[in-house]
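Letters A, B, ... mirror the listed sequences (proteins, then strands); counts begin at 1.
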There are 2 protein chains.
Amino acid sequence: MRSVMVQIPNTPTSADVARLAGVSRATVSYVLNNTSAVRISEATRRRVHEAARELGYVPHAAARSLRAGHSRMVLMPAPAIPVGPLYSRFLSELQGALGRLDYTVVQYGSVGLEGDEAARAWAELRPVAVLVPGAGLGPQGVAVLKRSGARAVVTLGPGRVEGAHALLMDHDTVGHCAGAHLYDRGCRRIGVVMPEESGLEVYARPRLAGVREALRGTDAAVMELPLAYTEEAAAELAARWPESGLDGVFAYNDEYAMLLMRALQDEGVRIPEDVAVIGADDLMLGRLLRPRLSTVHIELPSGRDLAALVDRAVRDPGGEPEVHTVLGASVIRRESS
Amino acid sequence: MRSVMVQIPNTPTSADVARLAGVSRATVSYVLNNTSAVRISEATRRRVHEAARELGYVPHAAARSLRAGHSRMVLMPAPAIPVGPLYSRFLSELQGALGRLDYTVVQYGSVGLEGDEAARAWAELRPVAVLVPGAGLGPQGVAVLKRSGARAVVTLGPGRVEGAHALLMDHDTVGHCAGAHLYDRGCRRIGVVMPEESGLEVYARPRLAGVREALRGTDAAVMELPLAYTEEAAAELAARWPESGLDGVFAYNDEYAMLLMRALQDEGVRIPEDVAVIGADDLMLGRLLRPRLSTVHIELPSGRDLAALVDRAVRDPGGEPEVHTVLGASVIRRESS
DNA sequence: TTGAAAGCGGTACCAC
DNA sequence: GTGGTACCGCTTTCAA
């Protein structure tokens with residue numbers, strides 16, 4: 001004896017609530033928003049709440065923000081590639097922190113949209129703030145967003161963009177750490193793994209540059225090692241290893257390091273005696289390898305700090321763009337180097 | 001000589017465009033939306049486009065959908081825990097497919113919101129469809145969403161919910177595969193790793209149940225092995241291994257399998273001679289372990305199929321909820337079992 | 001071919 | 001204390 005009501009009822013509006021409670025729409029608004037500037041009798045309050053509950057009334061965010069002239073929506077593009085536990089934690093923390101500040105975090109599925117074109121799509125939602133990881137957003141994009149009401153645009157990536165706040169996450173540092181470490185360990189012919197998977201160049205290039213920089217002016221040579229994330233590619237690379245004469249390698253990250261280490265070991269190359277290996281990201285799996293993997297530990301900014309920056313920027317949109325360097329990198333030496 | 005204009009201009013509206021182009025707002029709307037029901041002279045078209053470009057006009061999505069009475073927004077909760085490459089791929093594919101069907105995919109940061117409470121928050125955005133992975137959404141939540149205009153609610157998880165379409169991803173199957181395989185390999189005392197990390201019970205419990213089911217009525221015994229994702233916890237578990245008498249273990253997934261294998265090997269337990277190990281998810285790392293890790297390969301539904309389901313449901317909201325079983329599982333035997 | 005105007009749902013000012 | 005009402009930006013009928 002359920003679902004006697006087959007007809008899907010229209011979405012209830014505040015007018016419906018008002019009618020059912022026998023009051024005006026204004027009163028409904030006052031009650032449901034606890035407007036302090038106006039006093040409503042307890043009896044009326046109850047009637048309104050009761051009516052809203054009965055109808056299952058849910059306010060219409062679009063109507064509200066249209067009227068208010070602004071929203072509390074913080075928009076980020078949804079990551080297109082798998083993100084590791086590090087970044088994932090950071091995201092959760094950020095969402096939690098922004099949520100506590102009463103912002104709504106929304107990740108926009110921007111598959112197939114590029115840079116400033118994406119910015120237009122985001123701008124249609126009139127977010128109060130936009131957080132953009134990676135490069136790809138240009139000054140034009142920032143301008144579009146600001147003109148459409150975004151009070152804060154924050155980039156998280158390698159460089160700063162005119163008009164936007166920046167959390168500089170310069171992966172040069174990561175490569176620099178790795179390069180310096182390998183050099184200290186006595187390596188003079190150093191390979192740097194460059195993943196062939198698309199979407200990773202953003203991190204791979206700066207890391208390579210960092211290694212180069214760390215070794216500039218020394219007697220060490222740097223060699224790029226393009227590598228697809230497959231056993232075959234790794235085996236092929238390992239087969240050519242002896243003739244390469246490499247005595248050290250920065251494997252881009254721990255996962256590529258594991259792939260490469262396995263291939264090298266299968267080939268009879270000894271780690272670290274024949275070649276020192278270091279990864280990055282300090283993933284659990286590095287500790288589980290034998291020899292244990294040396295790695296560059298990366299410290300992302302705290303989600304709470306970024307949330308605070310966003311809030312500050314929203315409250316004072318006129319302020320100078322803040323620029324913070326937030327990517328900490330430090331070598332964790334284990335057994336592979 | 002840049003930024004002479006310091007004053008932040010107000011967000012341009014279609015009225016501004018109309019004024020600049022010397023036409024009415026209606027005409028602006030016609031032109032920018034390519035309304036076919038009405039013919040606008042080429043000259044006017046150009047003037048409007050020109051004006052829009054010059055002002056950097058971006059339409060206001062909220063106003064538009066308020067007027068239209070519906071949006072093209074497909075909402076999903078943003079994952080709170082790190083997602084693996086499998087699910088990540090699935091998400092990208094889904095976003096791409098929905099994007100091609102002209103939907104906008106938005107992931108709502110629902111950190112700290114529970115089930116039907118979250119549903120209310122989502123409903124405020126008046127999405128045309130809602131996709132909810134996992135359990136946690138009850139019939140009430142579905143009702144709230146539908147009443148607020150969602151034309152399709154799809155759950156992706158272990159069970160179905162009254163009123164919602166369901167993509168049944170029953171992880172029992174995964175455990176069942178693993179259990180049956182271990183039994184076939186001769187195991188009779190079988191351990192099942194239960195991750196202690198929160199958020200994973202949703203998958204762990206059904207997988208355990210699947211193992212139990214596969215072994216029901218046989219002479220094999222099943223034992224739960226709570227395990228935190230740390231080396232210490234794994235070492236402790238491995239230390240107690242001999243007395244446990246286990247000869248087979250389903251390690252929840254490949255990552256926990258790697259953790260456990262390492263601890264067991266460090267303890268001198270031989271794999272697969274002393275104990276057979278199988279993981280799940282068919283991650284690359286399983287192929288890199290020695291012995292190579294047997295695993296349960298999991299087949300998620302195609303993003304395109306789900307996108308099609310959503311589109312169908314949106315076009316025909318009255319239709320019976322579709323229920324599909326979409327989780328394929330098959331054992332990939334390698335060397336660890 | 002173009003314009004005037006109503007109205008989507010909510011908020012907040014001003015009367016009563 | 002409560003109600004009437006103008007208005008946020010956009011679409012779409014109806015008239016001209």
S.K.: Between atom CG in A/L55 and atom C1' in C/dG9, what is the gap in whole Å?
M.R.: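 It works out to 15 Å between those atoms.
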
S.K.: For C/dG10, does OP1 or OP2 lie under 4.0 Å from any side-chain N or O of A/N33?
M.R.: no

S.K.: May I ask you to say what B/T27 touches in the nucleic acid, namely base, sugar-phosphate or nothing, with a heavy-atom cut-off under 4.0 Å?
M.R.: sugar-phosphate

S.K.: Please confirm whether any donor atom in the side chain of A/R39 sits under 3.5 Å from an acceptor in the base of D/dG1, or the reverse.
M.R.: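 Between D/dG1 and A/R39, which were checked side chain against base, a qualifying N/O pair under 3.5 Å is absent.
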
S.K.: Would you say a side-chain N or O of B/S24 is under 4.0 Å from OP1 or OP2 of C/dA4?
M.R.: no

S.K.: Write down the distance between NE2 (B/H60) and P (D/dC7), rounded to a whole number of angstrom.
M.R.: 18 Å

S.K.: Would you classify A/V28 as touching base, sugar-phosphate or nothing, given that sugar-phosphate means primed atoms plus P, OP1 and OP2, and contacts are heavy atoms under 4.0 Å?
M.R.: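 No contact at all - A/V28 keeps every heavy atom at 4.0 Å or more from the nucleic acid.
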
S.K.: Got a salt bridge between B/E322 and B/R312, using NZ or NE/NH1/NH2 to carboxylate O under 4.0 Å?
M.R.: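 Here B/E322 pairs with B/R312 in a salt bridge, since their nearest N and O are under 4.0 Å apart.
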
S.K.: CZ of A/R120 to OH of B/Y57: how many Å apart, nearest 0.5 Å?
M.R.: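 That separation rounds to 9.0 Å.
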
S.K.: Assess whether one donor atom and one acceptor atom, taken from the side chain of B/Y30 and the base of D/dC10, lie less than 3.5 Å apart.
M.R.: no

S.K.: Should B/T13 be listed as having a side-chain N or O under 4.0 Å from OP1 or OP2 of D/dG9?
M.R.: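 Result: no.
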
S.K.: Closest heavy-atom contact between A/T44 and A/I40?
M.R.: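 For A/T44 versus A/I40, the nearest heavy atoms are CB-CG2, 3.7 Å.
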
S.K.: Without decimals, in angstroms, what is the distance between A/R25 CZ and C/dC13 P?
M.R.: 16 Å

S.K.: Going by heavy atoms in the side chains, are B/T155 and B/L167 under 4.5 Å from each other?
M.R.: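 B/T155 does not reach B/L167 side chain to side chain.
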
S.K.: So does A/E50 pair up with A/R53, basic N to acidic O under 4.0 Å?
M.R.: yes

S.K.: To the nearest 10 degrees, how far apart in direction are the end axes of the helix from C/dT1-D/dA16 to C/dC16-D/dG1, each fit to five base pairs?
M.R.: 50°

S.K.: Using a cut-off of 4.0 Å on non-hydrogen atoms, how would the nucleic acid contact of A/T44 be classed: base, sugar-phosphate, or nothing?
M.R.: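 A/T44: backbone/sugar contact only, no base atoms under 4.0 Å.
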
S.K.: Just call it for B/A26: base, sugar-phosphate, or nothing, with non-hydrogen atoms closer than 4.0 Å on any strand.
M.R.: base

S.K.: Where do A/A129 and A/V314 come nearest, in terms of heavy atoms and distance?
M.R.: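 Reported closest heavy-atom pair: CB-CG2, 4.3 Å.
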
S.K.: Considering just the side-chain nitrogens and oxygens of A/S41, establish if one lies under 4.0 Å of OP1 or OP2 belonging to D/dT2.
M.R.: yes

S.K.: Specify the closest pair of heavy atoms between B/R126 and A/P12, including all atoms of both residues, with the distance to one decimal.
M.R.: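 Shortest heavy-atom contact: NH2-O, 4.4 Å.
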
S.K.: Under 4.0 Å, heavy atoms only, any strand: does B/R64 hit a base, just the sugar-phosphate, or nothing?
M.R.: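 Since only primed, P, OP1 and OP2 atoms lie under 4.0 Å of B/R64, the category is sugar-phosphate.
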
